[in-house]
Protein chains: 2
Amino acid sequence: MKPTIYDVAEAAGVSIATVSKVINGTGRISDKTRKHVLDVMEELKYKPSMVASALTGKSTFTIGLTIPDLANPFFAEIARAVEDRGHEYGFNVFICSTDNDPEKEVKYFSLLTQKRVDGIIIASRTQKDQFLKRLIQHQIPIAMIAREMPTLAVDTVMVDDFLGGYQAGSHLIELGHRRIAMIAEDMSEMSSRERVRGCRQAMLDAKVEPDEALIVVGGFAVESGKAAMDRLLEQDHKPTAVFACNDVLAIGAIQSARQHGLQVPKELSVIGFDNTVLATIVDPPLTTIAQPIQDIGRQVVDLLVEEIKGEKALKQRVLLMPQLVVRSSCAPAQ
Amino acid sequence: MKPTIYDVAEAAGVSIATVSKVINGTGRISDKTRKHVLDVMEELKYKPSMVASALTGKSTFTIGLTIPDLANPFFAEIARAVEDRGHEYGFNVFICSTDNDPEKEVKYFSLLTQKRVDGIIIASRTQKDQFLKRLIQHQIPIAMIAREMPTLAVDTVMVDDFLGGYQAGSHLIELGHRRIAMIAEDMSEMSSRERVRGCRQAMLDAKVEPDEALIVVGGFAVESGKAAMDRLLEQDHKPTAVFACNDVLAIGAIQSARQHGLQVPKELSVIGFDNTVLATIVDPPLTTIAQPIQDIGRQVVDLLVEEIKGEKALKQRVLLMPQLVVRSSCAPAQ
DNA sequence: GTGAAAGCGCTAACAG
DNA sequence: CTGTTAGCGCTTTCAC
């Protein structure tokens, strides 16, 4: 059987209260007893049970992270960042892939609260405000990695999508492009709309007129990005550059271009968004707008931990800046 | 405050024992009281605390998974598979990225045991037998996703690396290749050696003599795969095909070939190992030996759960078969 | 400085 | 069928 606090108390010839105090550094204990108790703990290889201490009202040092899909590199990288930062604070993280299925999401939330996690980071996309509201009423600390402004007071970290789009557009324009296509993810999503809006604004600011026919919706899969690019390339007046709202779509666009006999970047410049590993893997290496994944992870965890510790009165909204990463998928317009 | 079993008991006008029984479906309760209690639970939105019930000796329904790095697509996919299967059994999983750093590994193991996880799945690589032994003595159920036979009795799932290498070699030979290069990960690792040995055996069986000069060590990064291929391509008598021991190395090889002005697959066939997302992303799409990631995840979880439930007397070793996935990175030898 | 004792929320005999 | 009661391993007053 695993040794308990009683075992070390007995072996050390003190009371369990004393042992508890040396474990937690609370109360006043003489250096002598402290050292002795520590020695005994070591000897018995005693590790306090966190479930028992959690029951006594302390925290579980556990947080939940809900994401759409861990197998998606973007979220895997987010998860890794959250894990690392959490670990620095002594937290373990339960990762929950919801596939954006509301049912799974509810089930996971229910499990997480039953396990008395200290807080939850929400990076999945389904969360209807309605549902979030219930969680908040449940008093459980929450922080979000969001793509749109929640209509609720929740700690949130977001990336400036408009700026990202603007950076992408500017870059293409500086390279001399005028006919710039855009592949959005899903126009019903604010975040995607913002990226497109940013790119378009960059064009307007440079006095180049966006062509509505060059703005299409692509979704989230390589295949759909490819299909979207196919449509773009079958038009009469082809674009010389395309801004894809995520790296996966950008990869689809490159594949499509290649199939149409177009060289990237010589005949078609492609710029993506996210800067996942994939961007470094494709050929040509993808110029893209980087999301500061490490920072996103750090910041949400920081927000959540402050919330957990109750050190914070007000909710915060952190807006992070995206950044252009130039690789080889964009070239000057011919 | 969150409602407790006492609140439910009181509101329902029964004892906590009765409530506990309806929660767990134990004992004999009249349908009438059961329904009534259930209603009250619903009304109070009561969810039993798993930490309390864990303290009472039942399990925590939590398992740990140690991997080298969650940001590595192969392990992210493994983690997702484990998560899904675990969830089917009602388990949540703590994911621990160790970076193959023994210190981190020890720290994570210590945390996991303090949190009283019901079991641990080890897919990280550092675990010295010495260390594993201690865990086993700790009585905590363990299952491994291994690359080599552990010298201990542990539930393990492995993939037949030799067969995988053989399949890769055979495929290349069937395409008419004779000068086949190999990029190993690390010759000190059994698994890598086995893949190379398998490929070589395929050659021997086909009466083609392997050229030792064409077998190099590449590591795990795209860059190192590229460097390895560079070396191969600077030889006098160049290979017409290369078997890379993982997809990342294969991608490096493709990049190198391209830089040397060689067309893949026309002038150089490349075959990888793992079949991660990356294989579908590269250009050309990578022909590779697929590891049955879903199955690996399912099987380890199954082994671990049996172990946890104590339904199993003997440890098991499950050997899964790899499978050739043909895409476009290999062509007939010219 | 140190210890006795009362819980935390739940389960599991054991009575009735 | 239902309730009483004794813990699970730890934290936390409150005495001494």
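Sequence lines set the chain letters: A, B, ... in the order given, protein chains first and strands last, and positions in each chain run from 1.
- An OP1 or OP2 oxygen of D:dT2 is reached within less than 4.0 angstrom by a side-chain nitrogen or oxygen of B:Ser30.
- Using a 30° and 60° split on the angle between ring planes, A:His87 and B:Tyr108 fall in the parallel class, below 30°.
- Under the rule for a side-chain contact (heavy atoms from CB on, under 4.5 Å), the partners of B:Glu77 that lie at least two apart in sequence or sit in another chain are A:Ala71, B:Pro73, B:Thr276, B:Val277, B:Ile293.
- Under a 4.0 Å N-O distance rule, the pair B:Lys35/B:Asp31 does not qualify as a salt bridge.
- When the C1' atoms of four end pairs are superposed on the next four at each end of the helix from C:dG1-D:dC16 to C:dG16-D:dC1, using five pairs per end, the two resulting axes differ in direction by 40°, to 10°.
- A straight line from NZ of A:Lys35 to P of C:dT2 spans 15 Å, rounded to a whole angstrom.
- Environment of CD in B:Glu10: sparse, with no more than 12 heavy atoms of neighbouring residues, nucleotides or ligands closer than 6.0 Å.
- Put simply, CE on B:Met41 is 13 Å from C1' on C:dC10, counting in whole angstrom units.
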One character per nucleotide, please: for nucleotides 9-16 of chain D, 5' to 3', B when the base has a protein heavy atom closer than 4.0 Å, S when only the sugar-phosphate does, - otherwise.
BBBB----
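- A salt bridge is absent between A:Arg85 and A:Asp295: the closest approach of a Lys/Arg side-chain nitrogen to an acidic carboxylate oxygen does not fall below 4.0 angstrom.
- Note on ring orientation: taking the six-membered ring where Trp is involved, the planes of A:Phe91 and A:Phe61 are tilted (angle from 30° to 60°).
- Across the protein-nucleic acid pair, A:Glu10 atom CD and C:dG3 atom P stand 13 Å apart, rounded to whole Å.
- Between B:Asp69 and A:Arg80 there is a salt bridge, with a side-chain nitrogen of the basic residue lying less than 4.0 Å from a carboxylate oxygen of the acidic one.
- Between the CG atom of B:Asp7 and the C1' atom of C:dC10 there is a distance of 13 Å, given to the nearest Å.
- Of the inter-residue distances, the one linking A:Asn72 atom CG with A:Ser97 atom OG reads 9.5 Å to the nearest 0.5 angstrom.
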